[in-house]
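Since the structure comes first, as structure tokens, the remarks are kept for the end.
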Amino acid sequence: MLKSKTFVKKTRSGGVVKIVREHYLRDDIWCGSENCTECKQESAVLQRDACIESNLCSYPHYLIPDTNVLLQQIDVLEDPVIRNVIILQTVLQEVRHRSAPVYKRVKDMIHEKEKHFYTFTNEHHRETFIEREPGESANDCNDRAIRVAAKWYSQHLMKSQSDGDGLRVVLLTNDQGNKQKAEESSLLVYKCEEYIKSLIANPELVDRLALSNDDKNEISSSKVLFPEHLPLSKIQAGIKSGCFLQGTFRASRDNYLEATVFVQGEGEDSTEVLIQGLQNLNRAVNQDVVAVQLLPQSQWVAPSSVVLQDEGTAKDDSAEEEEEEEEKLKISAEVARKPTGKVVGIIKRNWRPFCGMLNVSQIKESTRHLFTPADRRIPRIRIETRQASALVGQRIMVAIDGWPKYSRYPNGHFVRSLGSAGDKDTEQEVLLLEHDVPHQPFSQAVLSFLPKMPWSITPEDMAKREDLRRLTVCSVDPPGCTDIDDALHCRQLDNGNLEVGVHIADVSHFIRPGNALDKEAANRGTTVYLCGKRIDMVPELLSSNLCSLRSDYILKLYFRGSWLLFHGFNFLLLPFFPSPPYVLVQASLTYAEAQMRIDDATKNDDITESLRGLNKLAKILKRQRIKKGALTLSSLEVRFHVDSETHDPIDLQTKELMETNSMVEEFMLLANISVAQKIYDEFPDCAMLRKHPAPPPSNYEILHKASKSKNVAIHTDSAKALADSLDMAKVDCFPYFNTLLRILATRCMMQAVYFCSGMDSDFHHYGLASPIYTHFTSPIRRYADIIVHRLLAVAIGADTTYPDLMDKHKQSALSNNLNYRHKMSQYAQRASVAFHTQLFFKSKGILNEEGFVLFVRKNAIIVLIPKFGLEGTGPTLKVEQHTFSIFDKVKVTISLDDSNIQHQKIRMALTHPVILGVSVPTPDVEPQAKKSKLDR
Amino acid sequence: MAGLELLSDQGYRIDGRKATELRKVQARMGVFAQADGSAYLEQGNTKALAVVYGPHEMRGSRSRTRHDRAVINCQYSMATFSTAERKRRPHGDRKSTEMSLHLKQTFEAAIMTQLYPRSQIDIYVKILQSDGGNYSVCVNAATLAVIDAGIPMRDYVCACTVGFVDESPLADLCYAEESGGVSSLALALLPRSGQIALLQMDARLHQDNLDSMIEAAMTACKGVSKVLDEVVRQHLQEVSVLSRE
Amino acid sequence: MATVQVSEAEKVYILHGIRDDLRVDGRGCEDYRHMEIETDVVSNTDGSSKVTLGHTVVLVGIKTEIGKPRPMVPDEGYLDFFVDCSANATPEFEGRGGEELGTELSNTLYRAFNNKHSLDLKSLCISPGEHCWVLYVDVLLLQCDGNLYDAISIAIKAALFNTKIPRVHISADDEGGREIELSDDPYDCVRLNVENVPCIVTLCKVGHRHVVDATLQEKACSVASLIMSVTHRGTVTCTRKVGGGSLDPESIFEMTEAGKRVGKALHAPLMKLLQQEESLGRKKQKVGFLS
């Protein structure tokens, strides 16, 4: 049967156009129920025995939610208790139109077999199709479609039943009008809330109900605290005419009354607009896309240098306290004024579930509590829960529902509990969730693609590949490393040249494109190294066993990185051979072991000789690189000595860099650069490369300020100028100055990113001073390297392409995901280090150490402790006699302040120089010193 | 607003068809009395009118006469109201000229031109409403018109457009699908012998997918040929009934 | 028009027949051939109609667009005509062959229809000086068998009757710019009042008498014709003489009177038919060419 759908649309140029589309009706859309005898479906999704214990519906029943229920109560529907739900095509399409994240979650639920969710294509079913009546609005039409489909279902299921007490169909809707009309046509319909409350076997579901706007009786004061958000049409008109700007809202970590909106300008620049004050912030949450209006220039302020935290309580809906705080901000210098504005409307909300802890309300019987998220940039959330007493001291996840304009805090609902706070596993879980790191165990589908053990190279592979077992190959890695992906060899040839080879594990042989294993690895993007735990990108069988180049006398497949020929000080890159070889790894050494071997004059075996050769060549390569302008920067990396039994950190040390670290690094860089050139030559359109943009001059301000304070000149016009001036920056009697300067310089740098060569034209890597660069040498722990392996394999003719590899848009999307995952894993790693540092200090009590001032703020100084690689905030008031300047040497006491379980801080107190009212006396060093709160 | 979902998870397209299903085809031969052969064909919302004049003496430049076969002259034009946004020129623009050329090539392969030396056969096709698959509908309509004119052909010429979305080929694209950035391929087939008269694609497609697309197109064309055959037989029945009376 | 070769003997035959008020196909001098009208044939236009008058087949499609009004008359919309003589009708119209005829037809139509007496052009205005509705009337000639003007004008009247203009309203935003908003309901539209739209009647002078709705053969015998557009009240809005021969003033006067009579009689049954078709609503079977 053919019907047609007609509607009128507005074109971009302002005209109107009439669109006519065909609409076919079918007879072969089945109902999906196991119970049904009429429909000839292959596999029924909805169960026959669809029982949920409910005191409203005591018979087995299927649920049909309408659009608003699906959008708002998605958390309740995701609960494993709710099964056997029919999602209508009308509802699904409306959800897709209104909210992409909710749509994705609904699709995931439909794919999960245990949930038994069925999609019914009601718009193409002959009996449930309706045409729009004249005078009916779009919403009414959709509601009518839902009712007609529900009616059809109940009649259809009735037909296949012999007894009366059989399957029924329940419609869930919150819309009063819809409910009334449904009852008139004798459908079973309930409001979502009353249905969930009726599930007596699962009372915890009630907590996960999102608060809807009908609950007006809760709000006591109806005072409007915030200006109204403008409707979307006005915002769009304003943006088009230029009086509003669209940008991403980033809250300030230190100051809850301040935020910046990043407005995307033409090309790469973005302007920043400062927002200060609760009214101007106007209920925007971190990461939302907002519309701002610039205030007149007379009202522009400077970013505040105070550190402010939100200490309000739940019942404070008044704005008085806020006004006091805002006064503090108004003391601004004339110098540093920035464009300031106010938020006039929200274009897109980017809410996600947040981890944090519950602040139980002081009132005993109250069910409304405030939730403090772990992320400082998110405001506190008001939730309603009956289990408050059980949730005290636990880390929980909460999702925001909405922020009405008369409420001081946004409203949300409880999602789930993660475990008790402070507990190592819970904290790790929180860390991984907050940084969006996928850490679930690999699913069965993924593991099914692993090769069966015991595995060995098949004779076909041996025939196709080159046999290089005669080479002495060894790998050098950090101690305790099991995922070894690179190995080197060095050999003296007869004509006096040195042959060097870089060997990389051939992961792409095991992970074929397109299967579940590949998709999971692409999603994870990178292996995340936390202290004491490693979240793998690929399952352990591959990462630690089959692909890892360990010296366990099993033949390993690998991918030839680059084959270099050294003659004197020059090297020649040999062309890539057509077939990737296989090799036997002779030894896996740690950096320390390798260094020892090189230094030990008595050892003269093959491995040591090749190590010496590699070392010599590495030094040459490094010199060449530095001549071109590569930067050597410094950052403090610490390592923990972990107690083997309790897994608590015993000691904390900065990592030392040995010659062998540098040796391996040089060859990896060379391999990466040469592979980058090769794949770009072959695939100028879709090569996966890595670039490091040069930082804009404004980034270097702190460096200039710091160097000027000690009268040292730093030139930042080019990488080479920076490198040279850093080398020459020395101050008498202050040997640590150079390292400090390098640490500051590292902070000025931009983030290096992956990109697809067809989508960008700037390839330069600033830090390495290389015109082109990619990641090739670590395919076990980085997905980008696997893509580069595949491209290289095609380039040398060892493998075939597949459609997605050549699609530059898909590559670009992939590189965006990889950049995001990389960034998140770095934050997670830092957070893990911070957490372990806190654990360490918890057990140590108070320590007395030397440090240097790194930054000076209005009411605090940031101090760097080189011994532990620690940065902390030390409080100081504005004192007349003594002003601090950057790089001053101070002595501080370090202790753990765990008064706030969620944000345990390392507290530093000044002991030297002595300032009345600020410093504390130097404590005696007693091993059993009890933890005590220090006075300010 | 998210774009249109061309193929849903359950396998239904925007208009409710499955991936291999064709649109509704309705056709009628002998629509105009004055022309030698005429046909009207609707495939979904795409409607085309084809008219054949000939074989007759060469008009225009005598120099183009072929001594051993007939010259086929095609013109493709669209009504100005056929598209959603009004077209200013019905014919003469580049796309129409290209289409005319393609039609000419297609029919030169099918019509037995050796039977009519030194003459000309004109095929004029007009699109009354355009909703995707213009070329295919033209070819199908023109086949019927040529049969109505009594000009002998080797076989029916059936055409279909096929697109590729999400690893599966979609047969008989409508306008919304064509403009949704789908790589589409148009194929004209002589069904009984399985010979391809015209193959045209101008989008990027990975070569692994080419075979499956061609397969899908050929199956779709065979489906169309069945419908056309039905129409011709019915028309003959009607005509013979009338002339008997 | 496509020409037909008529021999002298045929000409004499036709002339004598007309003299006696008996034409070749049995009609009287002022009778029309069998006419079939159908509206809403092309679904993606805003209004369309198909008219079959004997063997003449004409298809009219109307598309509405928002455009800028003419500077001289800022508070009125306008119509734009385009006649496409397609090669379907005759091979001579291939390529640019039909352009001449097409231009001639569209100019005449423009003069006849695009004035405020025929259609209320003010109702087509959206905001004076800035936006107005422009109706693009596209005529497609599919088969020519004489009497094109009549068939086209009837088709245009039917198509205008069928036209549904979407309802828009202008909202002013803060800057003073106008935003056009469409109503959500696809049934919400404005219909045109076609009471005053004229119909064109062509009268051909054959011998000493004149005939209405001449076929191609009769046209070949005639010396000159008079084209006039007549409204439903019998008012003549536009007159033109075409053809190679000359007419004397008395015949012109006679022909005008006859034309007025015929034209007036045409409107009432036409409107009744159109309204009947409209009232069938959704149940109407769309036939188009498939009958």
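A note on names: the letters A, B, ... follow the listed sequences, proteins ahead of strands, and every chain is numbered from 1. It should be emphasised that the depicted structure is a prediction, and the values quoted were computed from it without experimental measurement.
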Next on the checklist: Using heavy-atom distances under 4.5 Å, tell me whether C:D138 contacts chain B through its side chain, its backbone, both, or neither.
Outcome noted: both
Item to check | Heavy-atom contact with chain B under 4.5 Å, split by part of C:V57 | outcome: side chain
Checklist entry - What are the residues of residues 66-79 of chain B, in order of number, with any heavy atom under 4.5 angstrom from a heavy atom of chain C? => result B:N73, B:Q75, B:A79
Checklist entry - Considering only heavy atoms, which portion of C:D145 lies under 4.5 Å from any heavy atom of chain B: side chain, backbone, both, or neither? => result both
Item to check | Exceeds 12 heavy-atom contacts within 6.0 angstrom, atom NE2 of B:H235 | outcome: yes
Checklist entry - Relative to chain B, which of C:R96, C:H55, C:E94 shows the most heavy atom pairs under 4.5 Å? => result C:E94
Checklist entry - Is there side-chain contact between B:T80 and C:Y136, with at least one heavy-atom pair below 4.5 Å? => result no
Next on the checklist: Heavy-atom pairs under 4.5 Å with chain C: which of B:Q26, B:R86, B:E42 has the most?
Outcome noted: B:R86
Checklist entry - Hey, is OH on B:Y175 packed in by over 12 heavy atoms from elsewhere, all under 6.0 Å? => result no
Checklist entry - Applying salt bridge (charged side-chain N to carboxylate O under 4.0 Å, His left out), which residue pairs with at least one partner in residues 53-63 of chain C are found, sequence neighbours left out? => result none
Next on the checklist: Considering only residues two or more places apart or on different chains, which pairs with a residue in residues 100-113 of chain C satisfy salt bridge (charged side-chain N to carboxylate O under 4.0 Å, His left out)?
Outcome noted: C:E104-C:R240
Checklist entry - Can you find a heavy atom in the side chain of B:F81 that is under 4.5 Å from one in the side chain of C:L140? => result yes
Next on the checklist: Heavy-atom cut-off 4.5 Å, strictly under: side chain, backbone, both or neither for B:A33 against chain C?
Outcome noted: both
Next on the checklist: Is it the case that over 12 heavy atoms from other parts of the model lie below 6.0 angstrom from the CD atom of B:Q105?
Outcome noted: yes
Item to check | C:Y32 atom OH: more than 12 heavy-atom contacts under 6.0 Å | outcome: yes
Item to check | Part of C:T45 lying under 4.5 Å from any heavy atom of chain B | outcome: side chain
Next on the checklist: For C:A89 versus B:Y53, what's the shortest heavy-atom pair and its separation?
Outcome noted: O-OH, 2.6 Å
Checklist entry - Does B:Q34 offer a backbone N or O that forms a donor-acceptor pair with the side chain of C:Q143 under 3.5 Å? => result yes
Checklist outcome for this item: Per-residue tally against chain C (heavy atom, under 4.5 Å) across B:S38, B:S82, B:G54, B:S130 peaks at B:S82
Next on the checklist: I'd like to check C:N88 versus B:L49 (side-chain heavy atoms, cut-off strictly below 4.5 Å). Are they in contact?
Outcome noted: yes
Next on the checklist: For C:E92 and B:R59: C-alpha separation, side-chain torsions, deciding distance, then whether salt bridge (charged side-chain N to carboxylate O under 4.0 Å, His left out) applies.
Outcome noted: CA-CA 9 Å; C:E92 278 145 15; B:R59 281 185 308 110; over 6 Å; no
Checklist outcome for this item: Expected contact set for residues 113-129 of chain B against chain C at heavy-atom separation under 4.5 Å reads B:D122, B:Y124, B:K126, B:L128, B:Q129
